[in-house]
Amino acid sequence: MPLSCTRSCHANIGAPGIIAAMQKEQLIEWLTVGVRSAGLSDTAVPALERPKQAEHGDWATNIALQLAKPLGRNPRDVAAAFKAALDASPHPLVSEISIAGPGFINIRLKPAAKFSVVADVLKAGEKFGYGDARKGEKVLVEFVSANPTGPLHTGHARQAALGDTLCNLLETQGCMVHREFYYNDAGNQIDNLTRSVQLRAKGVEPDSEGWPDDGYRGEYIVEIGKQFVAAGGDVNDGAAVREFAVNVLRKEQDKDLTAFGVKKFDCYYLESSLYTDGRVDKTVTALQVSGHTYELDNALWLKTTDYGDDKDRVMRKATGGYTYFVPDVAYHVSKWERGFHTVVNIQGTDHHGTIARVRAGLQALDMGIPKGYPDYLLHSMVRVMQGGEEVKISKRAGSYITLGELIEWVGKDAVRFFLVSRKADSEFTFDIDLARSQSEENPVYYVQYAHARICSVLREAAVSDEALAAADRGLLTHEKAEALATILADYPALLATAARDLAPHVLPYYLREVSAAFHSYYGAERIRVDDLALRAARASLAAATAQVLKNGLQLLGVSAPTKM
RNA sequence: GCGCCCGUAGCUCAGCUGGAUAGAGUAUUGGUUUCCGAAGCCAAGGGUCACUGGUUCGACUCCAGUCGGGCGCGCCA
């Protein structure tokens, strides 16, 4: 992002508005000017980061350390020259500049600069943290994409929580987000479902004679059979059984997702439509024309090794049908042609092997699709423990824990917060017994409690919105108040990086920090004091904190109770 | 065997494009309420960042190898 800001804008720093959100950029610009005027570099742009330890100041830069080597100078000397240049043209937000350790430059801000974020939050309200850096960018996020052959399990739950939150995060950056659910309704999984329902309806038990090895064993199969018969259906009518079963399961999945607080999908894309609308045939033809295919053993192959895959892949089987990866490529062409040049697929890590070949297929089409298209956010499976033993997650076995059960046991808020809290690719164990017995200790309650506590305090303090907005933040002096305001000011940048890095897990972590900073401040200073001006100032900081907590929880799909 | 991911406190996990004394929660121990919500706060103990070597001013972070774990490697989806 270009920095159009020059020195002239420093004169406007005292003005209210979006100052806090711009502070970092302004400081970087100031530092960059300092680097130039000190004659250290014509191109280097200093990076600003929060020091791990608060005593070191509000911001720090390691630019002197980085420039020392190319300049052939001692880092401390470089830092001294840099500091001299900065001292020569002081920044109105900065109260102190110091050199520390091997050559860090630590910067301390004036209190007014730190507390300006409070006014920003109160003014922006629910939109605080939103930016327009990616305004108008069309982004498609595909997630859940469960086969309509059974209830959603804990893996789907993780995917739904990650996907929904990621979509929300992208929207805060101005993206036009399209939520898509891909339905594998054309494969033999559906045939298997149909057959399983028919057999159970006829009284054939799993593992008895005539039961297929890969038949679905779950109890829901029996229930669907009963419902079908009760509705007057003919079990021998495969097409009718199939339609009925898929319909029932789709409804159940939708019900679970709704209960999980997942926003409505914009589109349910049917795999079968890729065949009926000719996209599959068109894709095959295009690949043949591209010259990257060949025939061998009566099958048609694509030379995906030309694009980094470790072996070539069959497109059309000797028996005549296409392998699954052909409609997959056709599907992604559809995403591209619908104008989505940023696409994120959220899938289990067990699908990582398919990434190379899908991308290879898209490359081979030679239609200008970039190499790394689409993006993937892979998550590892959720292991479920119960009674000290692992419950195997297997759709075929039917013995897995469902999303509906998780919600029933620990509640939607806790499940969502918990599932997003972990990095997507780290495995984790969901201990059902623990979650049941200790749900009160789930971190989500800590954050929700902070929000409820603030709401309660604000009710007691009875400061009007006008008085909150007009409060004199210069009255805030406690270091814990400064620490809290500093954390609040990080929120917009946090959302931007979480969206950019496809890393929703940083949000729960951040909300915990905000809550901790508030609780700590609350213990140090009384809000409802007799001095009304002071009361308003402190209440305004609390109100801003509640707003950030509420905004963050909303992105996670977790409620922000005003009392609990 | 090959490919991708992972290995951080007793347990569950953070650690941003390499930066200062490796952090949270939980568990353990000890404090804390005549006053706005104690589901809180304050503090203590707890570490060979799997191991070995390399890159450099500096490595949990980057590279190579070893060990251990997960997943994938079908003319299944």
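So you know, we letter chains A, B, ... as the sequences are listed, proteins then strands, and number each from 1.
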Within residues 350-361 of chain A, find the residues that approach RNA chain B with a heavy atom at under 4.0 Å, and present them sorted by residue number.
A:Asp350, A:His352, A:Gly353
Nearest to side-chain heavy atoms of A:Ser520, which nucleotide of B:C35, B:G37, B:C42
B:C42
Taken in chain and number order and not counting sequence neighbours, the residues that satisfy side-chain contact (heavy atoms from CB on, under 4.5 Å) with A:Ala161 are A:Phe260, A:Leu419, A:Val420
According to the salt bridge (charged side-chain N to carboxylate O under 4.0 Å, His left out) rule, which pairs have a member within residues 527-546 of chain A, sequence neighbours left out?
A:Glu460-A:Arg528, A:Glu525-A:Arg538
Would you please determine if the base of B:G19 is stacked by A:Phe104, with stacking meaning a centroid separation under 5.5 angstrom and planes under 30 degrees?
no
Which word best sums up how the rings of A:Phe518 and A:Tyr522 line up, parallel for under 30°, tilted for 30 to 60°, or perpendicular for over 60°?
tilted
Within the structure shown, what part of the strands sits under 4.0 Å from A:Phe325 by heavy-atom distance: base, sugar-phosphate, or nothing?
nothing
Just how far is it from atom CG of A:Leu534 to atom OG1 of A:Thr477, taken to the nearest 0.5 Å?
8.0 Å
Residue mapping more 5' on RNA chain B - nearest nucleotide basis, A:Ile454 or A:Leu65:
A:Leu65
Assess the residue pair A:Tyr449 and A:His519 against the criterion (ring-ring contact (aromatic ring centres under 6.0 Å, His included)); give the C-alpha distance rounded to whole Å, side-chain angles, the decisive distance to 0.1 Å, and a yes or no.
CA-CA 10 Å; A:Tyr449 175 69; A:His519 285 313; 5.5 Å; yes
Residue pairs meeting side-chain hydrogen bond (donor to acceptor under 3.5 Å, both in side chains), one or both in residues 492-516 of chain A, sequence neighbours left out, come to none
What interatomic distance, in whole Å, is found between C1' of B:G23 and the corresponding atom of B:C63?
26 Å
Counterpart residues, side-chain contact (heavy atoms from CB on, under 4.5 Å), relative to A:Asp309 (two or more places apart):
A:Thr304, A:Arg313, A:Ala356, A:Arg357
Using the P atom on both, measure B:A14 against B:U52 and round to a whole Å.
24 Å
Would you mind reading off the distance between A:His478 atom NE2 and B:C41 atom P, rounded to a whole angstrom?
15 Å
May I ask you to say what A:Leu300 touches in the nucleic acid, namely base, sugar-phosphate or nothing, with a heavy-atom cut-off under 4.0 Å?
nothing
Please, which pairs that meet ring-ring contact (aromatic ring centres under 6.0 Å, His included) have at least one residue in residues 45-83 of chain A, sequence neighbours excluded?
none
Under a 4.0 Å heavy-atom criterion, the protein footprint on nucleotides 7-15 of chain B, written with B, S and -, is -----SSBS
State which residues pass side-chain contact (heavy atoms from CB on, under 4.5 Å) with A:Phe181; sequence neighbours excluded, sorted by chain then number.
A:Val144, A:Ala146, A:Tyr183, A:Gln253, A:Leu257, A:Phe265, A:Tyr268
For RNA chain B, the dot-bracket notation using Watson-Crick and G-U wobble pairs below 3.5 Å, [ ] for pseudoknot-type crossings and | for other-strand pairs, is (((((((..((((.....[...)))).(((((.......))))).....(((((..]....))))))))))))....
So salt bridge (charged side-chain N to carboxylate O under 4.0 Å, His left out) across residues 46-68 of chain A, not counting sequence neighbours, yields A:Arg50-A:Asp490, A:Asp58-A:Lys114
If you look at every strand shown and take non-hydrogen atoms under 4.0 Å, does A:Gln66 touch a base, only sugar-phosphate, or nothing?
base
Donor-acceptor pair under 3.5 Å: do we get one between A:Asn106's side chain and the base of B:A20?
yes
Are A:Tyr307 and A:His292 close enough that their ring centres sit under 6.0 Å apart?
yes
Could you tell me the separation between the CZ atom of A:Arg528 and the C1' atom of B:G37, rounded to a whole number of Å?
12 Å
Which is true for A:Thr349 with a 4.0 Å heavy-atom rule: it touches a base, it touches only sugar-phosphate, or it touches nothing?
sugar-phosphate
Sugar-phosphate only, base, or nothing, as touched by A:Arg512 at under 4.0 Å among non-hydrogen atoms:
sugar-phosphate
At 4.0 Å (heavy atoms only), tell me whether A:Ala60 reaches a base, stays on the sugar-phosphate, or touches nothing.
base
Would you kindly give the CD-to-P distance between A:Gln448 and B:G37, to the nearest whole Å?
18 Å
Atom C1', compared across B:G30 and B:A20: separation rounded to whole Å:
31 Å
Can you check the A:Asp309 CG to B:G74 P distance for me, whole Å?
11 Å
Would you indicate what A:Asn188 reaches in the nucleic acid, counting non-hydrogen atoms under 4.0 angstrom: base, sugar-phosphate, or nothing?
sugar-phosphate
Got a sec, which pairs hit salt bridge (charged side-chain N to carboxylate O under 4.0 Å, His left out) with one end in residues 292-302 of chain A, sequence neighbours left out?
A:Glu295-A:Arg316
Base, sugar-phosphate, or nothing for A:Ser380, non-hydrogen atoms under 4.0 angstrom?
nothing
Partners of A:Ser426 by side-chain contact (heavy atoms from CB on, under 4.5 Å), sequence neighbours excluded?
A:Arg158, A:Arg422, A:Lys423
Using a heavy-atom cut-off of 4.0 Å across all strands, would you classify A:Glu525 as base, sugar-phosphate, or nothing?
base
Checking all strands, does A:Met564 fall into the base, sugar-phosphate, or nothing category for heavy-atom contacts under 4.0 angstrom?
base
Quickly work out the A:Tyr322 OH to B:C75 P distance and round it to whole Å.
17 Å
Can you check the distance between B:A50 and B:G68, where both ends of the measurement are the C1' atom (answer in whole Å)?
8 Å
Please state the P separation for the pair B:U61 and B:C5 - nearest whole angstrom.
16 Å
Sugar-phosphate, base or nothing in reach of A:Ala299, heavy atoms under 4.0 Å
base
Which label fits A:Tyr269 and A:Tyr182: parallel for a plane angle under 30°, tilted from 30 to 60°, or perpendicular past 60°?
tilted
